[in-house]
Chemist: 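Before anything else, here's the structure in question.
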Amino acid sequence: MKSAVITFPGSNCDRDMDVALKKFGFKNKMVWHQDVELPKSDLVVLPGGFSYGDYLRCGSMASKSKIMQSVINFANSGGMVMGICNGFQILVETGLVPGVLLRNKYLEFICKNVFVKIRNKNSDYFKNINNEVLELHIAHNEGNYFCTNDQLKEIEDHNQIAINYCNIDGKIEEKFNPNGSLKNIAGIFNKEKNVLGMMPHPERMIDPSLSGNDGSLFFKNLINNLK
Amino acid sequence: MKISVIITLKKDVLDPQGKVIHQALDGMGFDGVNEVRQGKYFEINTNETNAKKAKDKVEEMCKKLLANLVIENYKIIDTQ
């Protein structure tokens with residue numbers, strides 16, 4: 001399985017993602033934002049970080065960079081595109097997934113482990129995964145998911161919510177919502193479920209001695225689904 | 001020609017920064033403030049000399065980059 005990770009100026013989780021993808025068997029290539037063509041890939045990842053210093057709005061400048069037209073075309077032709085954290089912010093700015101990510105409700109940069117409940121196992125991202133709840137890491141200042149009422153209805157009608165913030169038992173309640181996200185939304189799909197944007201970082205949970213193992217479950221399952 | 005644009009958050013979008021500024025103003029003794037909403041201001045200097053054309057161009061810029069229309073409104077406030 002081949003993957004590509006896009007590096008923007010200010011990306012800082014691109015190499016972590018590279019390590020994670022390779023650990024679970026992907027042949028990964030790093031792609032510079034000024035490149036025009038994507039290498040042949042089964043999965044394209046927009047990594048976390050602070051692309052363009054978060055100027056204007058987080059992700060807005062990166063969403064207009066040269067490589068993104070290829071990424072958008074790839075996604076529109078059914079290719080798997082995953083945006084993590086800043087990558088999620090870039091995805092919403094391209095319009096590939098609906099909504100926006102606002103400043104966290106209490107204006108704090110949040111850096112901690114959270115639990116997320118998998119809401120939709122019909123996609124190649126979560127199909128066949130045994131767990132209902134994953135413990136993942138978040139680190140962001142703008143992760144407060146918001147969309148219009150019309151968009152929310154559409155998202156719910158098409159089962160586009162991928163993961164919600166929850167507690168260890170999978171209870172989705174406001175008190176387990178770290179950043180004020182609408183409906184505790186931590187990650188969403190496009191309608192076709194080939195594009196996933198999420199705030200938590202699975203690539204930070206691939207080593208039990210350093211952090212945790214739930215990211216490993218995610219990547220192992222993902223590569224098996226793509227084979 | 002110089003064109004000025006302001007971008008503001010839509011009415012029903014939470015503005016935590018505006019809220020904190022409001023609280024600070026209260027703390028400083030500025031009475032009677034009902035609400036504070038924070039926005040952005042741009043001055044765009046173009047070669048275009050036709051005011052209508054310049055305005056249309058900036059409007060396109062707002063739609064494509066300067067504003068995110070899910071949460072923000074834009075208003076061209078001045079051309080000179």
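Throughout, protein chains are lettered first and strands after them, A, B, ... in sequence-line order, and every chain is numbered starting at 1.
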Chemist: Sort A/L56 into side chain, backbone, both or neither according to what part of it lies under 4.5 angstrom from a heavy atom of chain B.
Modeler: both
Chemist: Can you tell which of A/N144, A/V100, A/T148 has the highest number of heavy-atom pairs within less than 4.5 Å of chain B?
Modeler: A/V100
Chemist: Taking 4.0 angstrom as the limit, do B/K19 and B/D15 come out as a salt bridge?
Modeler: no
Chemist: Is any side-chain N of the basic residue among B/E72 and B/K40 closer than 4.0 Å to the acidic one's carboxylate O?
Modeler: yes
Chemist: At a heavy-atom separation under 4.5 Å, does A/K105 approach chain B through its side chain, its backbone, both, or neither?
Modeler: both
Chemist: Identify whether the distance between the nearest side-chain nitrogen and carboxylate oxygen of A/D124 and A/K127 falls below 4.0 Å.
Modeler: yes
Chemist: I'd like to know if A/K117 and A/E132 make a salt bridge, using a cut-off of under 4.0 Å between side-chain N and carboxylate O.
Modeler: no
